[in-house]
Amino acid sequence: MLTDTLNDRQKEAVLHTEGPLLILAGAGSGKTRVITHRIAYLIENKGVNPWNIMAITFTNKAAGEMRERVDELVGYGSESIWVATFHSSCVRILRRYIDRIGYENSFTIYDTDDQKTVIKDICKRFNIDTKTTKERAVLAAISAAKNELISPEQYEKNNKNDFGKHNFIRIYKEYQAQLKKNNALDFDDLLVKAVELFEQCPEVLEQYQERFRYIMIDEYQDTNTVQFRFVELLAERYKNLCVVGDDDQSIYKFRGANIANILNFEKVFPEAKVIKLEQNYRSTGNILKAANEVIRNNHTRKAKALWTDKGEGDLIRLWEIDNGYDEAEAIAGDIERKVRQGSRTYSQCACLYRTNAQSRTLEEKFIAKSIPYKIVGGINFYQRKEVKDILAYLKTVDNARDDVAVKRIINIPKRGIGQTTINKVEEFANAEGISFFEALKRTEEMKIASKTANKIIDFVNSIRVYRSKLGEYPLTDIFHDIVDGTGYIKELEAENTDEAKARIENIEELLSKLADYQKQEETPTLSGFLEDVALVADIDSMDQNSDYVVLMTIHSAKGLEFPEVYLCGMEDGLFPSYMSINSDDSTDVEEERRLCYVAITRAMENLTMTYARKRMVRGELQYNSISRFIKEIPPLILESKTGVGNFGDLQNLEMKESDTFGGNFFGGFSSGRKETGGRRFASGSSAAKAAFARNSYGGLGGFGKKAMTAGELLNSGLVQKGFAGGAAQETAASQSDDENSAADAGPYGLGYQEGDTVKHVKFGAGKVISVKDAGRDFEVTVEFENYGVKKLFAMFAKLKKV
DNA sequence: CAAGCCATAAACCTA
DNA sequence: TTATGGCTTG
């Protein structure tokens, strides 16, 4: 029998096929099994035609996994089940019927670049300065409006008195008109126009209602308003709508997710049946108890309580630690010991934190102890563009002998010094045998236009000004001078996007590091600081070893599970964040609490929570109190330790091995690690070219991932390998030529070579005339049948061998 | 007005 | 990496 392997609640959910059904699936309660079994049951036992079943997920990946599992379980006819994401469903529908609402069915879909082009064009026509009105901010506002089904006209009405939004209103209107004119839809339009189609053409809606008699939605707590409307319309007729989700795991409010969709399900569908899946197959009793006790403090939620028949398990460890460094030290030390004792492998351990910037101290300790680690869904701290930029400034101020650093920042932020000028300066420097920066000081001796020369003089002078403070003022003052004086922070603030905010946070984290250094050293110097940083920044942290600890934000961890979880930074102000504590909206703290719930329920066997009495934030020492969430956990299931770190018993063993601790926090550095630094890209650069990926920065991933073990995570491609995207380009630039070319002897990874016939998306078929290694990319010359000879870059022109 | 130089786009299909 | 448009300046 199909349902034999299910528990009673799960069985009930599978058997309830008619009418609206809300399955509240707690963390680790086996919801994917329920969805797939329910589909199988509909077909095999209820005689439902697979053609009449629709299953919606958020990501293509989730859809693919669902498809796979359904295919396994359902025999004949499984291929005619509609398993798709919201967006792909809408595309399919619109391709058939969008002509009914005034578009052509051959509409094109605009990506972010296309969107930006349109916005840029509009700003130009409207004489709107794109320095103050950033395209990205406009796009974000338009996207937010569309997610809430707010038309340009409605948007205007809503914001009539808000002068700050005046430009947004004009642009949104014109943008939408432009898209229409171009017969184009952006990503959000796919949903919006599908809803519009259904609302304006009852006969089309009816047809799809007839087809999709049984609808299932996964991760329902993540749906936004327009997605909800889409589903509501489709299910209106037969009302066989089954939504699966967990209101307690709704953590994407900032991206438009509307928790009301799941909370008010029974209001919209009064006859709805609600089934709670509360048996958890992942965690021990104590972990579940902690999760339950925390989440029950939320008022806007559906009451439920996870349970397990696994037994209580170990107590939850709670460490009070003196400061952020000791926190990282304690966690790294604990993992090190467990692995040495053989009770854990690295990959069974995960460190979770609230903000990306917190990864820095952890990384440093992991490197110091030679513990292999990977950052998931982000880039290593010292590889981030903004961190490298500021460090380059500091290096330049310090001695300006590092030509790479000077060249990096000479035009950052943009000050009108371009490649031509840089080439000239470089030539001059080589001829004179002086450094790049020394050459900059002698602009008058080069043939450089006076306009550009003035900009160079300005730049050199500003560096001089920063430098003049060395020794006189605290290093942190100079740091502030740089980020303020160059306008670096200002530029990011103007961007006003989540990404820009994260970048600012990282710069503040670097400032904290500097402040900490300044405090610890008797005679702090900029050179000394940069040396300290170099020890951790330039190290080869990419172990070929596949066994590593993962570090990630809690958002990234959703859907994953680990035997050993460390949850750090459990302090009011950090988690929950200041923003949420001070917010007028009391549900902001509730969202943080849900985040805490997600974090706790990632742990299978052991959970350790840590908080620091003091912590360097934005260069200032903060004394935060213990997180309110911890106070919500019964002390009975906690095993508390105070003073972990310097004097705690946990560290005693480690301390005896090294008496340098306290003065020098890189005390445990092993010399063996240094040797690996040079071969960083030996196997990487070609792979990096082939694996070029855009926008790899700072993604808060975690859309509808199924529970994955560490091993699966490894193979899933979610783990940052350190070579993707911008990071690879930046770091490759600082490598010597011979190192690159040695690994790039042939264009392997391209899949074609000279003489092959290839196909291009736009230009069609052509013959490869030559393949040249052009530094970071391959330059491919192709003779196209209809477009003539073209030189293309392998990274961009995804050529395929025919 | 022409020369010189800077800034940017090129491709995929983010959920 | 390169072609192109746009901006600045002599």
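Numbered from 1 within each chain, the chains take letters A, B, ... in sequence-line order. Quantities reported herein were computed from a predicted structural model and do not represent experimental measurements. Heavy atoms only: backbone and side chains are in, while hydrogens, waters and symmetry mates are out.
The aromatic ring centres of A/His87 and A/Phe58 sit 6.0 Å or more apart. Residues A/Phe230 and A/Phe198 place their aromatic rings such that the two centres sit under 6.0 Å apart.
Looking at A/Gln115 and A/Lys120, their side chains never bring a donor and an acceptor atom within 3.5 Å of each other. Side chains of A/Glu219 and A/Gln221: a donor on one and an acceptor on the other come within 3.5 Å. A/Thr223 and A/Asn261 share a donor-acceptor pair across their side chains, judged by distance under 3.5 Å alone.
A close approach under 4.0 Å does occur between a side-chain nitrogen or oxygen of A/Lys424 and OP1 or OP2 of B/dC5. Listed pair A/Thr420 / B/dC6 meets the phosphate criterion, a side-chain N or O lying under 4.0 Å from OP1 or OP2.
Among the atoms of the strands shown, none is found under 4.0 Å from any heavy atom of A/Asn147. A/Tyr110 comes within contact range of no nucleotide atom at all, as no heavy-atom separation falls under 4.0 Å. Within the 4.0 angstrom heavy-atom criterion, only backbone atoms of the sugar-phosphate kind lie near A/Thr452; the bases stay farther away.
Atom-to-atom distance recorded for A/Tyr110:OH and A/Asp186:CG is 10.0 Å, nearest 0.5 angstrom.
Of all the residues in residues 453-463 of chain A, not one reaches under 4.0 Å from DNA chain B with any non-hydrogen atom.
Taking atom CG on A/Asn411 and atom P on B/dC6, their separation rounds to 8 Å, with Å as the unit. Note: CG (A/Asp186) to P (B/dA15) measures 16 Å, nearest angstrom. Atom C1' of nucleotide B/dA15 and atom CG of A/Leu191 are separated by 10 Å, given to the nearest angstrom. Look at CG on A/Asp188: it is 9 Å from C1' on B/dA15, rounded to the nearest Å. Rounded to whole Å, atom P of B/dC6 lies 8 Å from atom CD1 of A/Ile422. Between the CG atom of A/Asn423 and the C1' atom of B/dG4 there is a distance of 14 Å, rounded to whole Å. Between A/Ile417 atom CD1 and B/dC6 atom P there is a gap of 8 Å when expressed in whole angstrom units.
Under the rule for a ring-ring contact (aromatic ring centres under 6.0 Å, His included), A/Phe107 has no partner lying at least two apart in sequence or in another chain.
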Below 3.5 Å is the cut-off: list the nitrogen or oxygen pairs between protein and nucleotides 5-7 of chain C, distance only.
none

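The side chain of A/Thr421 has B/dC6 as its nearest neighbour among B/dC6, B/dT8, B/dC13. The side chain of A/Arg255 lies closest to B/dA15, out of B/dA7, B/dA15, B/dC6. Between B/dC13, B/dA7, B/dA15, one nucleotide has an atom nearer to the side chain of A/Lys414 than all others, and that is B/dA7.
C/dT4 and B/dA11 are spaced 14 Å apart, taking the P atom of each and rounding to whole Å.
Both cation-pi conditions hold for A/Lys180 and A/Tyr103: the charged atom is under 6.0 angstrom from the six-membered ring centre and inside a 45 degree cone around its axis.
With contacts defined as side-chain heavy-atom distances shorter than 4.5 Å, the pair A/Thr225/A/Asn147 does not qualify.
Tested against A/Asp222, the residues A/Arg255, A/Lys558, A/Arg594 include a single salt bridge (charged side-chain N to carboxylate O under 4.0 Å, His left out) partner, A/Lys558.
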